[in-house]
Asker: 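Submitted below is the structure of interest, expressed as C-alpha coordinates.
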Amino acid sequence: MNRTPLRAAALVLAAGLLTACAQSTAPESKFVLLDGSTQTTQALRGKVTLVNFWATSCTTCVAEMPDIVATYDKFKGRGYETLAVAMQYDPPSYVVNFAETRRLPFKVALDNTGALARDWGDVKLTPTTYVLNKQGAIVKKYVGAPDFGELHKLIEKLLAQG
(Lines give C-alpha, C1' and ligand atoms only; values in the text may rest on other atoms or scores of the structure.)
Protein backbone atom coordinates (compact mmCIF):
# COMPACT_ATOMS: atom_id res chain seq x y z
CA MET A 1 0.00 0.00 0.00
CA ASN A 2 1.41 3.38 -0.98
CA ARG A 3 1.39 5.70 2.01
CA THR A 4 2.97 8.69 0.26
CA PRO A 5 -0.36 10.56 -0.19
CA LEU A 6 -1.14 10.04 3.51
CA ARG A 7 2.28 11.36 4.54
CA ALA A 8 1.89 14.35 2.24
CA ALA A 9 -1.54 15.10 3.70
CA ALA A 10 -0.14 14.81 7.23
CA LEU A 11 2.69 17.22 6.39
CA VAL A 12 0.26 19.74 4.88
CA LEU A 13 -1.95 19.48 7.96
CA ALA A 14 1.03 19.90 10.31
CA ALA A 15 2.25 22.94 8.36
CA GLY A 16 -1.24 24.46 8.58
CA LEU A 17 -1.36 23.91 12.34
CA LEU A 18 2.05 25.51 12.81
CA THR A 19 0.99 28.50 10.74
CA ALA A 20 -2.22 28.80 12.77
CA CYS A 21 -0.14 28.96 15.96
CA ALA A 22 1.97 31.86 14.68
CA GLN A 23 1.11 35.25 16.11
CA SER A 24 -1.41 37.23 14.14
CA THR A 25 -2.87 40.64 14.77
CA ALA A 26 -6.32 40.61 16.32
CA PRO A 27 -9.02 41.72 13.88
CA GLU A 28 -10.10 45.33 14.00
CA SER A 29 -13.40 44.97 15.82
CA LYS A 30 -15.96 47.22 17.40
CA PHE A 31 -17.63 45.64 20.42
CA VAL A 32 -21.00 46.94 21.65
CA LEU A 33 -21.01 46.64 25.44
CA LEU A 34 -24.03 45.97 27.64
CA ASP A 35 -24.22 49.64 28.65
CA GLY A 36 -24.43 50.67 24.98
CA SER A 37 -20.88 52.03 24.80
CA THR A 38 -18.32 50.64 22.39
CA GLN A 39 -14.84 49.20 22.70
CA THR A 40 -12.43 48.63 19.82
CA THR A 41 -9.48 46.30 19.54
CA GLN A 42 -7.39 49.35 18.68
CA ALA A 43 -8.26 50.90 22.07
CA LEU A 44 -7.04 47.73 23.82
CA ARG A 45 -3.50 48.17 22.54
CA GLY A 46 -1.04 48.73 25.35
CA LYS A 47 -2.85 46.17 27.54
CA VAL A 48 -2.67 42.41 27.76
CA THR A 49 -6.21 41.38 26.90
CA LEU A 50 -8.31 38.24 27.23
CA VAL A 51 -11.18 38.04 24.72
CA ASN A 52 -13.62 35.28 25.67
CA PHE A 53 -16.42 34.13 23.34
CA TRP A 54 -19.08 32.49 25.52
CA ALA A 55 -22.79 31.83 25.98
CA THR A 56 -25.09 31.60 28.97
CA SER A 57 -26.27 28.20 27.66
CA CYS A 58 -22.71 26.81 27.61
CA THR A 59 -22.05 24.83 30.80
CA THR A 60 -18.26 25.06 30.41
CA CYS A 61 -18.54 28.84 29.93
CA VAL A 62 -20.62 29.22 33.08
CA ALA A 63 -18.26 26.93 35.02
CA GLU A 64 -15.12 28.82 33.96
CA MET A 65 -16.54 32.31 34.59
CA PRO A 66 -15.47 32.46 38.28
CA ASP A 67 -11.90 31.68 37.15
CA ILE A 68 -12.07 34.40 34.49
CA VAL A 69 -13.29 36.83 37.17
CA ALA A 70 -10.47 35.75 39.52
CA THR A 71 -7.93 36.18 36.71
CA TYR A 72 -9.26 39.65 35.96
CA ASP A 73 -9.18 40.61 39.65
CA LYS A 74 -5.60 39.34 39.99
CA PHE A 75 -4.17 41.30 37.04
CA LYS A 76 -6.53 44.26 36.44
CA GLY A 77 -4.30 46.85 38.12
CA ARG A 78 -1.30 45.88 36.01
CA GLY A 79 -2.45 46.67 32.46
CA TYR A 80 -4.73 43.67 31.94
CA GLU A 81 -8.21 43.74 30.42
CA THR A 82 -10.96 41.16 29.90
CA LEU A 83 -13.68 41.34 27.29
CA ALA A 84 -16.43 38.69 27.34
CA VAL A 85 -18.29 38.43 24.03
CA ALA A 86 -21.70 36.76 24.16
CA MET A 87 -22.52 34.73 21.07
CA GLN A 88 -25.18 35.81 18.57
CA TYR A 89 -27.65 33.12 19.63
CA ASP A 90 -27.54 34.16 23.30
CA PRO A 91 -30.62 36.28 24.14
CA PRO A 92 -29.43 39.72 25.29
CA SER A 93 -31.71 39.60 28.34
CA TYR A 94 -29.99 36.36 29.48
CA VAL A 95 -26.56 37.96 29.04
CA VAL A 96 -27.57 41.07 31.01
CA ASN A 97 -29.08 38.93 33.77
CA PHE A 98 -25.97 36.73 33.95
CA ALA A 99 -23.59 39.72 34.05
CA GLU A 100 -25.65 41.47 36.74
CA THR A 101 -26.34 38.47 39.00
CA ARG A 102 -22.70 37.29 38.82
CA ARG A 103 -21.43 40.88 39.13
CA LEU A 104 -19.01 40.45 36.25
CA PRO A 105 -16.35 43.13 36.84
CA PHE A 106 -15.13 43.34 33.24
CA LYS A 107 -16.58 44.46 29.93
CA VAL A 108 -19.29 42.28 28.37
CA ALA A 109 -20.23 42.66 24.72
CA LEU A 110 -23.09 41.33 22.60
CA ASP A 111 -22.39 39.88 19.16
CA ASN A 112 -25.92 40.47 17.84
CA THR A 113 -25.03 39.88 14.18
CA GLY A 114 -22.40 37.16 14.55
CA ALA A 115 -19.86 39.39 12.79
CA LEU A 116 -17.45 39.36 15.73
CA ALA A 117 -17.38 35.56 15.88
CA ARG A 118 -16.79 35.45 12.09
CA ASP A 119 -14.03 38.07 12.25
CA TRP A 120 -12.23 36.24 15.07
CA GLY A 121 -11.73 33.03 13.12
CA ASP A 122 -15.33 31.94 12.63
CA VAL A 123 -15.83 31.01 16.28
CA LYS A 124 -18.46 28.29 16.60
CA LEU A 125 -17.43 26.48 19.79
CA THR A 126 -17.71 28.07 23.21
CA PRO A 127 -15.81 28.93 25.17
CA THR A 128 -13.16 30.18 22.76
CA THR A 129 -10.64 32.47 24.37
CA TYR A 130 -7.90 34.61 22.86
CA VAL A 131 -4.98 36.19 24.70
CA LEU A 132 -3.60 39.36 23.11
CA ASN A 133 -0.26 40.96 23.89
CA LYS A 134 0.20 44.70 24.33
CA GLN A 135 0.76 45.13 20.60
CA GLY A 136 -2.62 43.55 19.78
CA ALA A 137 -1.24 40.23 18.51
CA ILE A 138 -3.02 36.99 19.34
CA VAL A 139 -0.48 34.94 21.28
CA LYS A 140 -2.74 32.11 22.46
CA LYS A 141 -6.11 30.64 21.58
CA TYR A 142 -7.99 28.24 23.83
CA VAL A 143 -10.99 26.23 22.70
CA GLY A 144 -12.62 24.97 25.87
CA ALA A 145 -11.68 26.05 29.36
CA PRO A 146 -8.04 27.12 29.63
CA ASP A 147 -5.59 25.71 32.13
CA PHE A 148 -5.73 28.75 34.41
CA GLY A 149 -2.31 28.08 35.96
CA GLU A 150 -0.78 28.13 32.48
CA LEU A 151 -2.87 31.17 31.55
CA HIS A 152 -1.65 33.11 34.60
CA LYS A 153 1.99 32.33 33.72
CA LEU A 154 1.39 33.56 30.17
CA ILE A 155 -0.26 36.78 31.41
CA GLU A 156 2.65 37.39 33.82
CA LYS A 157 5.12 36.95 30.95
CA LEU A 158 3.17 39.26 28.63
CA LEU A 159 2.73 41.94 31.31
CA ALA A 160 6.51 41.92 31.88
CA GLN A 161 7.19 42.59 28.19
CA GLY A 162 7.52 46.14 26.96
Asker: List the atom of K134, the atom of L159, and the distance in Å for their closest heavy-atom pair.
Answerer: NZ-O, 2.9 Å
Asker: Can you name the closest pair of heavy atoms from D90 and A86 and give their distance?
Answerer: OD2-CB, 4.2 Å
Asker: Do we see a donor-acceptor contact under 3.5 Å between the side chains of N52 and T129?
Answerer: yes
Asker: Considering the options T41, L33, L50, which one meets the side-chain contact (heavy atoms from CB on, under 4.5 Å) requirement together with L83?
Answerer: L33
Asker: Do E156 and R78 have side chains that approach each other closer than 4.5 Å (heavy atoms only, starting at C-beta)?
Answerer: yes
Asker: Quick one: do F148 and L154 end up in the same hydrophobic cluster if we chain Ile, Leu, Val, Met, Phe, Trp and Tyr together by side-chain heavy atoms under 4.5 Å apart?
Answerer: yes
Asker: How long is the span from the CD atom in Q39 to the OG1 atom in T49, to the nearest 0.5 Å?
Answerer: 8.0 Å
Asker: Between A145 and E64, what is the shortest heavy-atom contact and its length?
Answerer: CA-OE1, 3.4 Å
Asker: Taking atom OH of Y89 as the centre, does the number of heavy atoms from other residues, nucleotides or ligands within less than 6.0 Å exceed 12?
Answerer: yes
Asker: Flag this pair as yes if the NZ/CZ of K140 is under 6.0 angstrom from the six-membered ring centre of Y142 and inside a 45 degree cone about the axis; otherwise no.
Answerer: yes
Asker: Please report the closest heavy-atom contact between K76 and D73, naming both atoms and the distance.
Answerer: NZ-OD1, 3.7 Å
Asker: Quick check: do V139 and L132 have side-chain heavy atoms less than 4.5 Å from each other?
Answerer: no
Asker: Minimum heavy-atom separation for N112 and Q88, please, with both atom names.
Answerer: O-CG, 3.3 Å
Asker: Take atom NZ in K74; do more than 12 heavy atoms of anything else shown fall under 6.0 Å from it?
Answerer: yes
Asker: State, yes or no, whether a side-chain contact exists between L158 and V131 at a heavy-atom distance under 4.5 Å.
Answerer: yes
Asker: Flag the pair L104 / V69 as yes when at least one side-chain heavy-atom distance between them is below 4.5 Å, and no otherwise.
Answerer: yes
Asker: Keeping the roles fixed (side chain from D111, backbone from V85), state whether a donor-acceptor pair exists under 3.5 Å.
Answerer: no
Asker: Looking at E81 and R45, is there a salt bridge between them, counting it only when a charged N and a carboxylate O are closer than 4.0 Å?
Answerer: no
Asker: Look at the aromatic rings of F31 and W120 and report parallel, tilted or perpendicular, splitting at 30° and 60°.
Answerer: tilted
Asker: Once the angle between the rings of Y80 and Y72 is folded into 0 to 90°, is it parallel (under 30°), tilted (30 to 60°) or perpendicular (over 60°)?
Answerer: tilted
Asker: Can you tell if the side chain of E28 reaches within under 4.5 Å of the side chain of Q42, non-hydrogen atoms only?
Answerer: yes
Asker: Determine whether I138 and T25 make a side-chain contact, defined as any pair of heavy atoms from C-beta on separated by less than 4.5 Å.
Answerer: no
Asker: Give, for atom OG1 of T82 and atom CZ of F75, the distance between the pair rounded to the nearest 0.5 Å.
Answerer: 10.0 Å
Asker: Compare all side-chain heavy atoms of S29 with those of T40 and state whether any distance is below 4.5 angstrom.
Answerer: no
Asker: Which of parallel (below 30°), tilted (30 to 60°) and perpendicular (above 60°) describes W54 and F98?
Answerer: tilted
Asker: Got a second to check how far Q135's CD is from K47's NZ, nearest 0.5 Å?
Answerer: 15.0 Å
Asker: In the structure I gave you, are the side-chain heavy atoms of L116 and K30 within less than 4.5 Å of one another anywhere?
Answerer: no
Asker: Would a hydrophobic clustering, with Ile, Leu, Val, Met, Phe, Trp and Tyr connected at side-chain separations under 4.5 Å, put I68 with L34?
Answerer: yes
Asker: Would you name the heavy atoms of P127 and C61 that are closest together and state the gap between them?
Answerer: N-SG, 3.5 Å
Asker: Quick one: does T113's side chain have a donor or acceptor within less than 3.5 Å of a partner on A115's backbone?
Answerer: yes
